[in-house]
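In the text below, chain A, chain B and the rest are named by the order of the sequence lines, each starting its count at 1. These numbers come from the heavy atoms of this one structure, side chains and all, not from hydrogens, waters or symmetry mates.
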2 protein chains.
Amino acid sequence: MNLSSRQIDAFLALAVSLSFTRAAAQCHLSQPAFSALIRSLEEGLGLRLFDRSTRHVSLTSEGEDFLVAARRIRIEMDAALSSMKSTASLERGRVSIALLPSLSAGWLPNVLRQYRSAHPGIEISIADVLSEPCIELVASSKADFALAAVRVDTPELCASPFCSDGFHLVCRRDHPLAKISLTTGHGARTTSQLSALAAWPFIHMARHSSVRQYLEAAFHPQVMRTVMEVEQLATVAGMVRAGLGISVIPTLTAFHFKHPDLITRPLPLPGLTRQIYLVRRRDRGLSVAAQALHDHIVHHRPPSE
Amino acid sequence: MNLSSRQIDAFLALAVSLSFTRAAAQCHLSQPAFSALIRSLEEGLGLRLFDRSTRHVSLTSEGEDFLVAARRIRIEMDAALSSMKSTASLERGRVSIALLPSLSAGWLPNVLRQYRSAHPGIEISIADVLSEPCIELVASSKADFALAAVRVDTPELCASPFCSDGFHLVCRRDHPLAKISLTTGHGARTTSQLSALAAWPFIHMARHSSVRQYLEAAFHPQVMRTVMEVEQLATVAGMVRAGLGISVIPTLTAFHFKHPDLITRPLPLPGLTRQIYLVRRRDRGLSVAAQALHDHIVHHRPPSE
DNA sequence: CGATCTTACGGGATTCGTAAACATA
DNA sequence: TATGTTTACGAATCCCGTAAGATCG
């Protein structure tokens, strides 16, 4: 038999009010339609649930048994419906994203603050890791989507361009490079600018970082004077401030280097543009909460350079 | 929104099989109809529950949440439906009746044995008490119906004739009355028969018993030679056997007096017929189990005299 | 006779199944 | 191309509301 929530509601309304007329009104039905609904329930169960005469309505013995069962069904239905409703309306939910530290520290917080104030009930999980683990997290469904510097295109994953990020030179305020102008150039002009930079002791990021990859490719075949390799941008800042060398860092992370002793300047060299992709699974759509964050993030994507 | 068991079943079938075609067959629906059912559920909830392409079907994040809720709803529904089904089919239930001891000891057991073998799962409660408490139990809904010697007719209760019960003389085999013939009589004949009985020492039931009431009325205005008043028929039997007196007992209880030392003989006197009524509440119908017992009892009612 | 539940019935919405269109591996 | 989902659409069914009927106090 088919048992509908309307039948349950009708039964409960009648069991409480013990009046077809009032219960019908409560269910927003005409009284005959309501009567038919109760009858269909009774026929489906094969039992009379109410003793009724024109003047009196009361639960039968079987109706009393069904009352407790109907209440339990109603409770489960209400729980399911309200849970789904709050999920659909973004009152509750969870979303997990993975993205580069360069994005997570500077650009993300403000964007996320807006999202959170709009949907305070949604739990957010952030994995601020390098591109490779970002992809891993999405591939293993531990993250809903990722912002990473790798264009993946597998049966499982796909990437779409998200934004492009330039690079900034960073050096001490008293460094000779702080004075010279860096302009967009082509050919020989570019080569000479690269030479000017390559001449100075350089603080590098670790080899597996996308920043390092881009720099190696852009400066090739020039050999750079690597002073050291570090993992964290904060360490780069400290080293440069101590006068151990210069560095080149993504524009998105330039805010880390706002310091009286330091200068950051755009490095508008061709090829020195890091592309950042939004990576997601091919098969699964995003959850409601993830889709909302996705839309919000895309809407507030950083300015591309 | 309206949530039906068909939607729940469709969702669960699809969540398990992850194939519209197979799930549709399982639900005895054409595949497009099944697809529409799933869509109606998703639209009702305002959420996509499945990610589907032509080659792959999988639960969304929200669908996984709904899966646990749907299972709980299904469990409650199944519990309710199976409980109601077993009640309707008389596999389970309870029935409570009140009836006179004269009926409960002799006639009832065999009738009840048949009922019980047909419906072994139904709990039966018997109150073998005198007419007044019988009525009380029905009036207070502690008994579904009663068999008693009182014709009640109140706003709450109504009585219908059930059977009529004659009376038997009981005396020792060596008693003078054991020899004489007792025939149906009228007028003077009756009076003389009554006189013949009233002459002997008599073992009476207590004043509040219906048997005593009938005897007092039938013998009036003759004065009986009351030896003693007792409560139980078994005591009457013992007293008569000891030669302390004779007695008159309902035909339905005559089996109590089958003893080598005793004689029981019908007492076909006009007015000496006890009417037994089936008493039930006016407002409430009988439960399924009670109705079945009612029908069975009426069908096997004792032969009226 | 008044209040209330049931039956009767016409119109409208829902739902079904068949067939065609569409999408993916 | 083959499998499987969605769309299109006519037909059957279900459901609702109005109106009339029945029943009890």
Side-chain angles (χ1 to χ4, degrees), chain A residues 1-11 13-44 47-60 63 153-158 280-285, chain B residues 1-11 13-45 48-60 63 153-158 280-285:
Chain A
M1 101 161 264
N2 185 23
L3 189 61
S4 69
S5 61
R6 301 178 59 254
Q7 287 174 316
I8 298 291
D9 289 340
F11 171 80
L14 184 54
V16 169
S17 70
L18 293 178
S19 156
F20 277 72
T21 306
R22 285 195 298 275
Q26 188 180 328
C27 292
H28 309 292
L29 278 172
S30 72
Q31 194 275 328
F34 181 87
S35 192
L37 196 55
I38 294 291
R39 187 169 53 246
S40 76
L41 178 61
E42 289 180 325
E43 286 174 0
L47 285 169
R48 288 176 57 88
L49 299 173
F50 294 94
D51 274 320
R52 49 236 207 226
S53 68
T54 56
R55 289 315 253 184
H56 190 68
V57 174
S58 64
L59 280 167
T60 62
D153 186 13
T154 69
E156 281 185 327
L157 305 178
C158 64
R280 43 184 297 187
R281 292 185 65 90
R282 275 209 149 83
D283 53 350
R284 305 188 59 159
Chain B
M1 96 160 271
N2 184 24
L3 187 61
S4 70
S5 61
R6 299 178 62 254
Q7 288 174 316
I8 298 291
D9 288 339
F11 172 80
L14 184 55
V16 169
S17 70
L18 294 177
S19 156
F20 277 72
T21 306
R22 286 195 297 276
Q26 189 180 328
C27 293
H28 309 291
L29 278 173
S30 73
Q31 194 276 331
F34 181 86
S35 192
L37 196 55
I38 293 292
R39 187 168 53 248
S40 77
L41 178 60
E42 289 180 326
E43 285 173 1
L45 295 174
R48 288 174 58 86
L49 299 173
F50 294 94
D51 274 320
R52 48 232 205 232
S53 67
T54 57
R55 293 314 256 184
H56 190 69
V57 175
S58 64
L59 281 166
T60 62
D153 187 13
T154 69
E156 282 185 329
L157 305 179
C158 65
R280 44 184 294 187
R281 293 185 65 90
R282 274 210 150 80
D283 53 349
R284 306 188 57 159

Upstream residue (5' side of DNA chain C) when A/S35 and A/R55 are each assigned their closest nucleotide = A/R55

Tell me, please, which residues at least two apart from B/A33 pass side-chain contact (heavy atoms from CB on, under 4.5 Å).
-> B/L29, B/S30

Taking the inter-plane angle between the rings of A/F20 and A/F50 on a 0 to 90° scale, is it parallel (under 30°), tilted (30 to 60°) or perpendicular (over 60°)?
-> perpendicular

Is a donor on one side and an acceptor on the other found under 3.5 Å between the side chain of B/S40 and the backbone of B/L37?
-> yes

Are B/T21 and D/dT3 close enough that a side-chain N or O sits under 4.0 Å from OP1 or OP2?
-> no

Given atom CD of A/Q7 and atom P of D/dC14, what is their separation to the nearest angstrom?
-> 13 Å

Interatomic distance where CG belongs to A/D283 and C1' belongs to C/dA23 [whole Å] = 16 Å

Between C/dT4 (C1') and A/I38 (CD1): distance, integer Å | 15 Å

B/D51 CG to C/dT24 P, in whole Å, measures 13 Å

Mind calculating the distance between CZ (B/R52) and P (D/dT7) to the nearest angstrom?
-> 9 Å

Flag the pair A/Q26 / A/R22 as yes when at least one side-chain heavy-atom distance between them is below 4.5 Å, and no otherwise.
-> no

Separation of A/F20 atom CZ from D/dT23 atom C1', in whole Å?
-> 14 Å

Taking side-chain contact (heavy atoms from CB on, under 4.5 Å) as the test, write out the residues that go with B/S5, two or more places apart.
-> A/N2, A/L3, B/R74, B/M77

Atom CZ of A/R22 and atom P of C/dT4 are separated, to the nearest Å, by 8 Å

Using atom types as modelled and distance alone, determine if a side-chain donor or acceptor of A/R6 lies under 3.5 Å from a backbone N or O of B/S4.
-> no

Going by modelled atom types, is there a donor-acceptor pair between the base of C/dT4 and the side chain of A/T54 at under 3.5 Å?
-> no

What one-letter contact string describes nucleotides 9-18 of chain C from 5' to 3', where B marks a base within less than 4.0 Å of any protein heavy atom, S marks contact via sugar-phosphate atoms alone, and - marks no contact?
-> -------SBB

